[in-house]
Amino acid sequence: QVQLVESGGGVVQAGDSLRLSCVVSGRTFASYTMGWFRQAPGKEREFVGVLMWPALSTSYADSVKGRFTISRDNAKNTVYLQMNSLKPEDTAVYYCAVNSKWTTVVSEYHYWGQGTQVTVSS
């Protein structure tokens, strides 16, 4: 089993920045993809970005490209989502998830964190 715990959410104003953290523990994979997703009220969970380890390849949704960055700290078993220039439409519960293969499809991820709320006021 893999355990994922997110933190770092909060209430910010438009234009502010936040950094979300996802601590990974339990079963490990030689290579894996760490995904960040979000779900706004009344909407389906959507892809935000992914980072593949150890290749360090990344991919982002068009809506966050240039504003959000995913990184990893090996020593802390932690993956980060740095969010800059936040907009009200970024308001959602943010989730991290892990998969043993490269994918951006929500349904293909089987290990999820509990989520952390991000609220951006205008």
Side-chain angles (χ1 to χ4, degrees):
Q1 291 292 332
V2 178
Q3 291 79 44
L4 306 169
V5 179
E6 303 101 333
S7 63
V11 180
V12 297
Q13 293 188 332
D16 286 350
S17 298
L18 271 179
R19 188 179 75 165
L20 306 184
S21 301
C22 176
V23 178
V24 185
S25 61
R27 177 186 175 188
T28 58
F29 305 97
S31 64
Y32 62 86
T33 298
M34 178 65 71
W36 282 97
F37 300 83
R38 66 187 181 185
Q39 188 166 17
K43 295 187 177 181
E44 294 189 352
R45 194 167 298 187
E46 65 175 10
F47 162 72
V48 173
V50 292
L51 176 144
M52 187 171 190
W53 181 266
L56 297 181
S57 302
T58 56
S59 179
Y60 299 93
D62 288 343
S63 59
V64 306
K65 200 171 294 182
R67 300 188 298 124
F68 290 12
T69 304
I70 300 174
S71 62
R72 188 185 192 280
D73 185 330
N74 284 348
K76 298 180 179 180
N77 288 331
T78 302
V79 177
Y80 301 100
L81 178 66
Q82 177 67 43
M83 306 185 294
N84 299 329
S85 302
L86 283 162
K87 304 175 181 180
E89 51 263 44
D90 294 319
T91 295
V93 177
Y94 283 71
Y95 300 88
C96 62
V98 66
N99 196 311
S100 59
K101 67 175 185 178
W102 175 266
T103 179
T104 62
V105 178
V106 172
S107 61
E108 295 184 357
Y109 283 80
H110 303 295
Y111 299 104
W112 292 86
Q114 81 288 353
T116 185
Q117 176 70 46
V118 172
T119 302
V120 184
S121 61
S122 58

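A quick note: this is a predicted structure, and the numbers were derived from the prediction, not measured.
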Please answer whether the main-chain N or O of K76 pairs with a side-chain N or O of T78 as donor and acceptor at a distance below 3.5 Å. yes
Within the side chain of T119, is there an N or O that forms a donor-acceptor pair under 3.5 Å with the backbone of V11? no
Can you tell if the side chain of T69 reaches within under 4.5 Å of the side chain of Y60, non-hydrogen atoms only? yes
Residues in side-chain hydrogen bond (donor to acceptor under 3.5 Å, both in side chains) with S71, at least two apart? none
State whether the side chain of T116 and the backbone N or O of Y94 hold a donor-acceptor pair below 3.5 Å, judged by distance alone. no
Taking all atoms of both residues into account, what is the closest heavy-atom pair of C22 and M34, and its distance? SG-SD, 4.4 Å
Measure from the side-chain N and O atoms of S121 to the backbone N and O of V12, and report whether any donor-acceptor pair falls under 3.5 Å. yes
Ignoring hydrogens, what is the shortest heavy-atom contact between A14 and S122? Give both atom names and the distance. CB-CA, 4.4 Å
What I'd like to find out is whether the side chain of R19 reaches to under 4.5 Å of the side chain of M83, using heavy atoms alone. no
Tell me, please, which residues at least two apart from R67 pass side-chain hydrogen bond (donor to acceptor under 3.5 Å, both in side chains). D90
Please tabulate, for the side chains in residues 40-49, all donor-acceptor contacts under 3.5 angstrom to protein atoms that are two or more places apart in sequence or on a different chain.
residue: R45; atom: NE; partner: Q39; partner atom: OE1; Å: 3.3
residue: R45; atom: NH2; partner: Q39; partner atom: OE1; Å: 3.3
residue: E46; atom: OE2; partner: R38; partner atom: NE; Å: 2.6
residue: E46; atom: OE2; partner: R38; partner atom: NH2; Å: 3.2

Per-pair distances, 0.1 Å, donor-acceptor, side chain in residues 104-111, under 3.5 Å, sequence neighbours excluded:
residue: E108; atom: OE1; partner: T103; partner atom: OG1; Å: 2.5
residue: Y109; atom: OH; partner: T103; partner atom: O; Å: 2.5

If a pair satisfies salt bridge (Lys or Arg N to Asp or Glu O under 4.0 Å) and one of its residues is in residues 52-66, list it, with sequence neighbours excluded. D62-K65
Side chain proximity check, K87 to V120, heavy atoms < 4.5 angstrom: no
Pairwise side-chain contact, V23 with L4, heavy-atom cut-off 4.5 Å (strictly under): no
Okay, side chain of Q117, backbone of G10: is any donor-acceptor separation there less than 3.5 Å? no
Is there side-chain contact between V24 and V98, with at least one heavy-atom pair below 4.5 Å? no
Just to verify, what does N84 make a side-chain hydrogen bond (donor to acceptor under 3.5 Å, both in side chains) with, not counting sequence neighbours? S17, Q82
Using 30° and 60° as the class boundaries, would you call the ring planes of W112 and Y95 parallel, tilted or perpendicular? perpendicular
Indicate if W53 and W102 have the same hydrophobic cluster label, given that clusters are the connected sets of ILVMFWY residues with side-chain heavy-atom separations under 4.5 angstrom. no
Quick one: does I70's side chain get under 4.5 Å of Y80's, heavy atoms only? no
